[in-house]
Number of protein chains: 2
Amino acid sequence: MIYSTELLKGTLKTIVLKLLSDNKRMYGYEITQKVKELTLDKIQITEGALYPTLHALEDDGLVTTESEFIGKRVRKYYALSPSGKTKTKEKVNELADFMSTMKFLLDIKTKTA
Amino acid sequence: MIYSTELLKGTLKTIVLKLLSDNKRMYGYEITQKVKELTLDKIQITEGALYPTLHALEDDGLVTTESEFIGKRVRKYYALSPSGKTKTKEKVNELADFMSTMKFLLDIKTKTA
DNA sequence: CTCTTATACATAAGAAAATTATGTATCTTT
DNA sequence: AAAGATACATAATTTTCTTATGTATAAGAG
């Protein structure tokens, strides 16, 4: 199963922050591959979505960056800033809570009282 | 906690279909109140989001409608069509699967191997 | 009896967050 | 030498909401 595209909406930022909280630093392409691997290809982050998101996180001061040359090619590493760590906890908690709520909604039989 | 608005994106249609699968028929306002009640005010479906979604479901043949007068006011009931019932199962399964995947992503410690 | 709040529908303008398409360039494998 | 993988980036477009606005009836409070 590959999820219909609309499901990912709203969760991308949280996924990226969570990965960065578990890994000291990661670069964009690495993030796409890690998510693909961890979700058994169910979630494929597109580059057109990822890079603007990373830039937004940087603009918001939630991540810091370091560019390094690997051979002749630039690789841009992202790491959480202190405020990014705080934000990550908030976002992860919120998403976990939301998923509990959604699970409840999907499981119950809402026979009108 | 009230969820940040972007989280609901992509899940609204599935929520509506699920509610209709548990109740023979519902009208728009009733759906907003039911979701509010079931989620303890955590999810507030706005009318600007709901009515276009209901119309889209109707255009896609997933729901049928019946308009009734309650006093002088029209109330429009929505009910799943046969194809809507099939679609609901698919969407609910997909969302449940997605939530499992997300839960996994958020819980693990993804130390790079 | 009048005002406010709730019920009940609807649409339009705008914003947010993705997809899809495109571009550049290097590295690795066949 | 070509193809596919790695690695970044941005622009045009689409999807899906929010916010604002509009109309109208019903119910409850003061």
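It should be emphasised that the depicted structure is a prediction, and the values quoted were computed from it without experimental measurement. So that the names make sense, note that chain A is the first sequence line, chain B the second, and so on, each numbered from 1.
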Query raised in the report: Within this structure, what is the NE2-to-P distance between His55(A) and dA17(C), rounded to whole angstrom?
Result: 16 Å
Requested in this report: Could you grab the distance from atom CG of Leu57(A) to atom CG of Leu62(A), nearest 0.5 Å is fine?
Outcome: 5.5 Å
Report summary line: Rounded to whole Å, the CD1-P distance (Ile45(A) to dA7(D)) equals 16 Å
Report task. Five pairs at each end of the helix from dC1(C)-dG30(D) to dT30(C)-dA1(D): take the axis at both ends and give me the angle between them to 10°. Result -> 20°
Query raised in the report: Can a donor-acceptor pair be found between the side chains of Thr65(B) and Glu58(B) at a distance below 3.5 Å?
Result: yes
Requested in this report: Would you kindly give the CZ-to-P distance between Phe69(A) and dC8(D), to the nearest whole Å?
Outcome: 12 Å
Query - Distance-only polar pair, side chains of Tyr78(A) and Thr64(A), donor-acceptor under 3.5 Å - result: no
**Report entry** Sugar-phosphate, base or nothing in reach of Lys72(A), heavy atoms under 4.0 Å
**Finding:** sugar-phosphate
Query raised in the report: Rounded to whole angstroms, how far apart are OH on Tyr51(A) and C1' on dG23(C)?
Result: 14 Å
**Report entry** Separation of atom CG in Leu54(B) from atom P in dC9(C), rounded to whole Å
**Finding:** 9 Å
Query raised in the report: What is the distance from OH of Tyr3(B) to C1' of dC17(D), rounded to the nearest Å?
Result: 18 Å
What nitrogen or oxygen pairs link the protein and nucleotides 1-6 of chain D at under 3.5 Å?
residue : atom : partner  : partner atom : Å
dT6(D)  : OP2  : Tyr29(A) : OH           : 2.2
dT6(D)  : O5'  : Tyr29(A) : OH           : 3.1
dT6(D)  : O2   : Arg73(A) : NH1          : 2.3

Report task. Take atom CG of Leu50(B) and atom P of dA12(C), then tell me their distance rounded to the nearest Å. Result -> 17 Å
Query raised in the report: Could you state the NZ-C1' distance from Lys9(B) to dA17(C), rounded to the nearest angstrom?
Result: 6 Å
